[in-house]
Protein chains: 2
Amino acid sequence: MPRTSTKTESPVRRLTSDYRLEDQVGFLLRRAYQRASSNLVDRIGSYDLTAPQYATLARLYERGALSQNLLGRLVAMEPANIRDVVLRLKKRRLVATRRDPTDKRLILIDLTAAGTALVEQLIPIEIACTATTLVPLKANERKQLYDLLGRLADG
Amino acid sequence: MPRTSTKTESPVRRLTSDYRLEDQVGFLLRRAYQRASSNLVDRIGSYDLTAPQYATLARLYERGALSQNLLGRLVAMEPANIRDVVLRLKKRRLVATRRDPTDKRLILIDLTAAGTALVEQLIPIEIACTATTLVPLKANERKQLYDLLGRLADG
DNA sequence: CCGATATCGTTATGATCATAACGATATCGA
DNA sequence: TCGATATCGTTATGATCATAACGATATCGG
């Protein structure tokens, strides 16, 4: 086995630098999200679902039929993005679409029976997954994290 | 102006549900990262740089020449991903590549003069951007957040 | 020395993401 | 009523992302 190789590293140290990438909150958030997302895919990947797809199904389960655009806002996806997710879910018959009779602009999305059954299977898995992700933190720390992240996300 | 439209919402309430998507840490992390990333692009977008591209340049600035693979690990990108980022940066002459003479597998990546100059311009902007993202939090809360996120990310 | 194993970079596939521009529909205000 | 404005969904473009499979190179153990 070749050594794990910090081999090519040269400790050049340019000019300034009390700067560290690790101190940038965006970088930390990206890595934490990678971890959480990876945990979820490990558990629900066998269902061939991604985290955004799961979020979409879960939201429909919570709220019932929604227009494609509103659904997108509720799962934090742009119109062009939620469109593709809905198309994939529709192709697998997990959601169904119909026109809103009173507003011809809208496409209403809803879970199918199969979609509903799948979400009900997945919800406990996702809850367990969240627990796994939070293992490094104590109970009071988790509550603190939720508070802080919520305030960051909402601006 | 059409109303902001919770129009199509139907409060169907399926089976169970003390379940809420907002309680899943992955969903919160994704939204917080969206916010941070958006803040960064607002500020450095005029340089035609994305957050991952900036992270890559910043890491090279901190560490000097690195193999493509190690560089990828240090910015939390898969080999296939860091490859594309490096290609784009190389096309813009912000980084240069050369073969490692002692290990023919490696491609060494380093900043060009132009790349170095650009990073030195961008670092203060990024620091300001992090400050903006953290505005909702008080100083002690920021410290707490860093601690919690770090432990989540490192598993 | 040499085969087993590990690492590096590449290729291919598929799913997110954000942005801008566009036509169709809906609503508002004068 | 009717034009200005807003929303909805679509299309196109480009950048992330993760995964699996692959050849080339490097290292280790016997």
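These numbers come from a predicted model, not from an experiment.
- Side chain of A:K104, nearest nucleotide from D:dG9, C:dC17, C:dT25: C:dT25.
- Separating the CZ atom of B:R83 from the P atom of D:dA18 is a distance of 16 Å, rounded to the nearest angstrom.
- One atom, CG of A:L87, and another, C1' of D:dG9, lie 11 Å apart when rounded to the nearest Å.
- Rounded to whole Å, the distance from CZ on A:R35 to P on D:dA18 is 12 Å.
- Of the candidates C:dG9, D:dT19, D:dT16, the closest approach to any side-chain atom of B:L106 belongs to C:dG9.
- Of the candidates D:dT11, C:dG9, D:dT19, D:dT19 carries the atom nearest the B:E78 side chain, counting heavy atoms from C-beta on.
- Along DNA chain D, the nucleotide closest to B:D84 and the one closest to A:D84 are compared, and the more 5′ of them pairs with A:D84.
- In summary, A:E78 and A:R73 do not engage in a salt bridge, as defined by a charged side-chain N under 4.0 Å from a carboxylate O.
- Put simply, B:Y33 has no side-chain N or O that comes within less than 4.0 Å of OP1 or OP2 on C:dA18.
- Remark on DNA chain C: of its neighbouring residues B:V41 and A:A51, the 5'-side contact belongs to A:A51, judged by nearest-heavy-atom nucleotide.
- Rounded to a whole Å, the CD1 atom of B:I44 is 16 Å from the P atom of C:dA18.
- With respect to the salt-bridge test (charged N to carboxylate O, under 4.0 angstrom), the residues A:R31 and A:E22 do not qualify.
- Checking D:dC22 for Watson-Crick or G-U wobble geometry (two distances, each under 3.5 Å) identifies C:dG9 as its partner.
- In this entry the distance linking CG of A:L89 with P of C:dA15 reads 11 Å, nearest Å.
- Distance CG (A:D48) to C1' (D:dA18): 14 Å, rounded to an integer number of Å.
- For B:R73, a side-chain nitrogen or oxygen approaches OP1 or OP2 of C:dC8 to under 4.0 Å.
- Within the shown strands, C:dG14 is the pairing partner of D:dC17 under the Watson-Crick or G-U definition, both distances less than 3.5 Å.
- A donor-acceptor pair under 3.5 Å is absent between the side-chain atoms of A:Q121 and the main chain of A:L118, judged by distance alone.
- Listed nucleotides C:dG9, C:dT19, D:dT10 differ in distance to B:I107; the shortest reach to its side chain belongs to C:dG9.
- For C:dG9, one of the phosphate oxygens OP1 or OP2 lies less than 4.0 angstrom from a side-chain nitrogen or oxygen of B:N69.
- Under the 4.0 Å criterion applied to side-chain N and carboxylate O atoms, A:D147 and A:R151 are assigned as salt-bridge partners.
- A donor-acceptor contact shorter than 3.5 Å is absent between the side chain of A:S67 and the backbone of A:L108.
- Across the protein-nucleic acid pair, B:Q34 atom CD and C:dC17 atom P stand 7 Å apart, rounded to whole Å.
- Counting only N and O atoms by type, the side chains of A:N39 and A:T133 include a donor and acceptor under 3.5 Å apart.
- Look at NZ on B:K90: it is 14 Å from C1' on C:dT10, rounded to the nearest Å.
- A sub-4.0 Å separation between OP1 or OP2 of D:dC17 and a side-chain N or O of A:R30 is present.
- Comparing D:dA15, D:dT25, D:dT10 against the side chain of A:P79 picks out D:dT10 as the nearest.
- Residue A:R99 is out of contact with every strand shown, counting any heavy-atom pair closer than 4.0 Å.
- Contact between the side-chain N/O atoms of B:R105 and the OP1/OP2 oxygens of D:dG23 is not found at any separation under 4.0 Å.
- OP1 or OP2 of C:dT16 lies within a sub-4.0 Å distance of a side-chain N or O belonging to A:R88.
- Where A:V85 and B:D42 each meet DNA chain C at their nearest nucleotide, the meeting point lying more 5' is that of A:V85.
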